[in-house]
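Beneath this line is the structure, given in C-alpha cells, with notes to follow.
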Amino acid sequence: MTRSYRIASVPADGIGPEVIDAGLEVLDAVASRDGGFKLTVDHYDWGSNWYRKHGEFMPADGLAWLRTADAIYFGAVGDPNIPDHISLWGLRLQICQGFDQYANVRPTRILPGVTLATAQRRHRRPRLGDRA
C-alpha cells in the first residue's frame with residue numbers, strides 16, 4: 001500500500017528557492033525509487049516579495065493552510081531592504097510559535113561508514129566553547 005504525504009513548501013527568500021527546488025527533486029527521486037510513498041507538494045510563495053505586495057509575510061490564515069500538511073519544508077527568509085526583526089517575526093517565528101516549535105532541531109541519521117568530526121574528540125564530555 002502506497003502512503004501519501006502532503007508537504008507545504010515555503011522557499012521564501014535568498015537561497016531558499018534554490019535549496020527547496022533541489023531538495024524537492026531529491027524527495028521526488030526517493031519517492032520514485034522507494035515506491036512505498038508519494039508526495040503532494042503545496043507551494044506557498046510567502047516571503048519578502050509577498051510582504052512588499054501585501055504588507056504581511058503570509059496571509060492571516062496561513063497557519064491553517066500549513067496545518068493541512070504532514071510537514072513544512074522551509075527555505076530562508078530575509079531581504080536587505082526589510083529589517084531582520086520584521087521578516088523573522090513575520091514569517092519564521094510566526095510559523096514556529098504557531099506550531100509550538102521553539103527549538104530549531106533538525107533530525108539526523110548517521111549513515112554506516114560515515115566518520116563524524118565529533119568522533120575525533122575521544123568521547124570526552126563537551127565543554128562550553130567547543131566547536132562542532
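- K38 contributes atom NZ, which lies 4.5 Å from atom OG1 of T40 (distance to the nearest 0.5 angstrom).
- Between N49 and R52, the closest side-chain pair of non-hydrogen atoms falls below 4.5 Å.
- A 4.5 Å side-chain heavy-atom check between L39 and R6 finds every atom pair outside the cut-off.
- Ring geometry for W50 versus H54: interplanar angle of 30 to 60°, hence tilted.
- Between L24 and S9 the shortest heavy-atom distance is CD1-OG, 4.0 Å.
- Atom CG in L27 sits 9.0 Å away from atom CD1 in I20 (nearest 0.5 Å).
- Taking every heavy atom of both residues into account, A76 and A12 meet most closely at O-CB, 2.8 Å.
- Of the candidates V77, D13, I82, Y51 forms a side-chain contact (heavy atoms from CB on, under 4.5 Å) with just one, namely I82.
- F57 and I72 fall within the same hydrophobic cluster, defined by Ile, Leu, Val, Met, Phe, Trp and Tyr side-chain heavy atoms under 4.5 Å apart, directly or through other members.
- With a 6.0 Å radius and a threshold of 12 heavy atoms from other residues, nucleotides or ligands, D28 has its CG atom above the threshold.
- Nearest approach of S48 to D79, heavy atoms of both residues: OG-CB, 3.3 Å.
- Between W89 and H85, the ring center distance fails the sub-6.0 Å criterion.
- Under the 6.0 Å distance and 45° angle rule, R67 counts as a cation-pi partner of F99.
- Aromatic ring orientation, F37 versus Y5: perpendicular (interplanar angle above 60°, classes split at 30° and 60°).
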Would you please test I95 and M58 for side chain to side chain contact (heavy atoms under 4.5 Å, CB included) and show each step? CA-CA 10 Å; I95 292 171; M58 68 181 195; 4.1 Å; yes

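- One distance of note links CG of L66 with CG of D42; it measures 9.5 Å at 0.5 Å rounding.
- Minimum heavy-atom separation, Y44 to A8: CE1-CB, 3.7 Å.
- Pairing each heavy atom of W46 with each of P59, the nearest pair is NE1-CD, 3.1 Å.
- Taken to the nearest 0.5 Å, the CE atom of M1 stands 7.0 Å off from the CZ atom of R3.
- Between D34 and G36, the shortest heavy-atom distance links the atoms OD2-N, 2.8 Å.
- In this structure, CG on L88 lies 11.0 Å from CD on Q94, to the nearest 0.5 angstrom.
- Using a 4.5 Å cut-off on side-chain heavy atoms (C-beta onward), L91 and F74 make contact.
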